[in-house]
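Since the model is a prediction, treat every value here as computed from it, not as a measurement. Naming convention: chains lettered A, B, ... in sequence-line order (proteins, then strands); numbering from 1 in each chain.
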2 protein chains.
Amino acid sequence: MDLKRSDLLQGTLDLLILKTIEHRPLHGYAMAQRILETSREVLAVQQGSLYPALHRLERKGLIAAEWREAESKRMAKFYSLTPSGRTQLAEEMDQWQRYARAIQWVLQAEGAAS
Amino acid sequence: MDLKRSDLLQGTLDLLILKTIEHRPLHGYAMAQRILETSREVLAVQQGSLYPALHRLERKGLIAAEWREAESKRMAKFYSLTPSGRTQLAEEMDQWQRYARAIQWVLQAEGAAS
DNA sequence: GTCCATACCTTGTGTGTCTACATATCAGTA
DNA sequence: TACTGATATGTAGACACACAAGGTATGGAC
């Protein structure tokens, strides 16, 4: 069964993560849930995609981690945006709009001149 | 300088190609030009991405090739959509709309409950 | 005492795009 | 005549990213 090869559009995960913690820190598990909710069940972030992405973003200094107690009373690693993460988020949102608009233009282009 | 790592959103090239030959056959070089035009100079398909993609799509039976004389008077390989390519195009357009909408929802989501 | 949801993580694999390179033809021009 | 630039196709190698599948551990419910 290879009907769908991907749950995500490759290259958009960083954007989704950064956006999801824009206003408050969250731990990884909660981010995935939040993305699933806000995308109305369309974007299912797998754990094997999520955690490597978080480590990547942390290495780049775009997010910062802190161990705190979650609502569940268990320890979890909360990530928040750093200043440069905030800049990056703005850039990636621009990029996304730019690409999405461009693709829309191609999809709407007239069959055109024979 | 690694500001942008990609000229394309990964996973969208097949869609762009299929769409571009929806109404008439085109050769590879012309497809890249056409995509660049219709995307208003945003989507620059590299040759090292284009030709492998065309061979991939041909292997999958979504497009079919034929050598013909181009406007330039030179021989070029014209690709046209097969029936299953047409089906695939419809599916990929749906998928794209679905993902693009979902991402938009995430980007517009309220910062939400503290 | 067992199960499930929560929460973190890693390894290996595959796919797709990129850079860089190689080749050839044709038109215009120096 | 030779050069140059646009047209046209292709390959090889590197790399990034998401995925599947596996693992560990804790707390609450039953």
Side-chain angles (χ1 to χ4, degrees), chain A residues 1-18 25-37 42-60 63 65-79 92 95 99 103, chain B residues 1-18 25-37 43-60 62-63 65-79 92 95 99 103:
Chain A
M1 194 74 68
D2 62 337
L3 254 188
K4 50 128 106 173
R5 53 246 318 107
S6 169
D7 293 321
L8 248 39
L9 261 175
Q10 201 132 345
T12 58
L13 180 54
D14 291 2
L15 169 60
L16 294 171
I17 290 173
L18 295 176
L26 280 182
H27 54 85
Y29 195 84
M31 289 182 210
Q33 289 182 129
R34 180 96 184 117
I35 290 171
L36 190 61
E37 278 170 32
V42 176
L43 305 175
V45 181
Q46 305 303 315
Q47 299 190 341
S49 311
L50 177 65
Y51 293 109
L54 289 174
H55 300 156
R56 205 160 61 225
L57 291 171
E58 193 180 11
R59 264 202 317 280
K60 290 189 197 164
I63 61 179
E66 187 194 357
W67 283 96
R68 292 221 298 266
E69 193 174 85
E71 286 181 32
S72 64
K73 303 294 180 190
R74 301 169 44 191
M75 281 303 171
K77 215 167 166 182
F78 282 74
Y79 290 92
E92 295 212 9
Q95 269 295 312
Y99 280 133
I103 289 175
Chain B
M1 194 74 67
D2 63 337
L3 254 187
K4 50 129 107 172
R5 55 243 319 104
S6 169
D7 292 323
L8 250 36
L9 262 174
Q10 203 126 347
T12 59
L13 180 53
D14 292 2
L15 169 61
L16 294 172
I17 289 173
L18 296 176
L26 280 182
H27 54 85
Y29 195 83
M31 289 181 210
Q33 288 182 130
R34 180 97 184 117
I35 291 171
L36 189 61
E37 278 170 32
L43 305 175
V45 181
Q46 305 303 314
Q47 302 187 340
S49 312
L50 178 64
Y51 293 108
L54 289 173
H55 300 157
R56 206 160 60 226
L57 291 171
E58 193 181 10
R59 265 201 317 278
K60 291 188 197 165
L62 303 176
I63 60 179
E66 189 195 355
W67 283 96
R68 291 221 298 267
E69 193 174 85
E71 285 181 33
S72 64
K73 303 292 179 192
R74 301 168 47 188
M75 281 303 172
K77 216 166 166 181
F78 282 74
Y79 290 93
E92 294 213 8
Q95 269 295 313
Y99 280 133
I103 289 175

S.K.: Between the protein and nucleotides 23-27 of chain D, which nitrogen or oxygen pairs come in under 3.5 angstrom?
M.R.:
residue, atom, partner, partner atom, Å
dT26(D), O2, Arg74(A), NE, 3.4
dT26(D), O2, Arg74(A), NH1, 3.0
dT26(D), O2, Arg74(A), NH2, 3.1

S.K.: Have a look at Leu50(B) and say if it touches a base, only the backbone sugar-phosphate, or nothing, with a 4.0 Å heavy-atom cut-off.
M.R.: nothing
S.K.: Ala53(A) or Pro52(B): which one's nearest nucleotide on DNA chain D is closer to the 5' end?
M.R.: Pro52(B)
S.K.: What is the separation between atom CD1 on Ile103(B) and atom P on dA18(D), rounded to the nearest whole Å?
M.R.: 11 Å
S.K.: Please state how far atom CD1 in Ile17(B) lies from atom P in dG16(C), giving the value in whole angstrom units.
M.R.: 11 Å
S.K.: Measure CZ/Arg56(B) against P/dG16(C) and give the value in whole Å, please.
M.R.: 5 Å
S.K.: Separation of Met75(B) atom CE from dA6(D) atom P, in whole Å?
M.R.: 24 Å
S.K.: Can you name the side-chain hydrogen bond (donor to acceptor under 3.5 Å, both in side chains) partners of Glu37(B), sequence neighbours left out?
M.R.: none
S.K.: In whole angstrom, what separates Arg68(A)'s CZ from dC8(C)'s P?
M.R.: 12 Å
S.K.: With respect to the side chain of Gln46(B), which nucleotide from dT17(C), dT19(C), dT6(C) is positioned closest?
M.R.: dT19(C)
S.K.: Verify side-chain contact (heavy atoms from CB on, under 4.5 Å) between Ile17(B) and Leu50(B), making sure each step is shown before the conclusion.
M.R.: CA-CA 9 Å; Ile17(B) 289 173; Leu50(B) 178 64; 4.1 Å; yes
S.K.: Separation of Leu15(A) atom CG from dA18(D) atom P, in whole Å?
M.R.: 11 Å
S.K.: Ala70(A) near the nucleic acid: base, sugar-phosphate alone, or nothing, with a heavy-atom cut-off under 4.0 Å?
M.R.: sugar-phosphate
S.K.: When you measure from the side chain of Ser49(A), which nucleotide among dC19(D), dC18(C), dT9(D) comes out closest?
M.R.: dC19(D)
S.K.: Mind checking side-chain hydrogen bond (donor to acceptor under 3.5 Å, both in side chains) for Gln46(A) and listing every partner two or more places apart, or none if nothing turns up?
M.R.: Asp7(A)
S.K.: Using whole Å, what does the distance between atom P of nucleotide dA24(C) and atom NE2 of His27(B) come to?
M.R.: 20 Å
S.K.: Using whole Å, report how far OH of Tyr29(A) lies from P of dA5(C).
M.R.: 8 Å
S.K.: Does Phe78(B) have any ring-ring contact (aromatic ring centres under 6.0 Å, His included) partners at least two apart in sequence or in another chain, and if so, which?
M.R.: His27(B)
S.K.: Does anything in residues 67-78 of chain A form a side chain to side chain donor-acceptor pair (under 3.5 Å)? List the pairs, not counting sequence neighbours.
M.R.: Glu66(A)-Arg68(A)
S.K.: Pick the nucleotide of DNA chain C nearest each of Gly48(A) and Gln10(A); which residue has the one closer to the 5' end?
M.R.: Gly48(A)
S.K.: Between Tyr51(A) and dC9(C), does any side-chain N or O lie under 4.0 Å from OP1 or OP2?
M.R.: no
S.K.: Kindly say if His55(B) contacts the phosphate of dT11(D), meaning a side-chain N or O under 4.0 Å from OP1 or OP2.
M.R.: yes
S.K.: Filter on salt bridge (Lys or Arg N to Asp or Glu O under 4.0 Å), then keep only pairs touching residues 9-18 of chain B, sequence neighbours left out; what's left?
M.R.: Asp14(B)-Arg56(B)
S.K.: Checking side-chain contact (heavy atoms from CB on, under 4.5 Å) for the pair Val42(A)/Ile103(B): CA distance, chi angles, key distance, verdict?
M.R.: CA-CA 9 Å; Val42(A) 176; Ile103(B) 289 175; over 6 Å; no
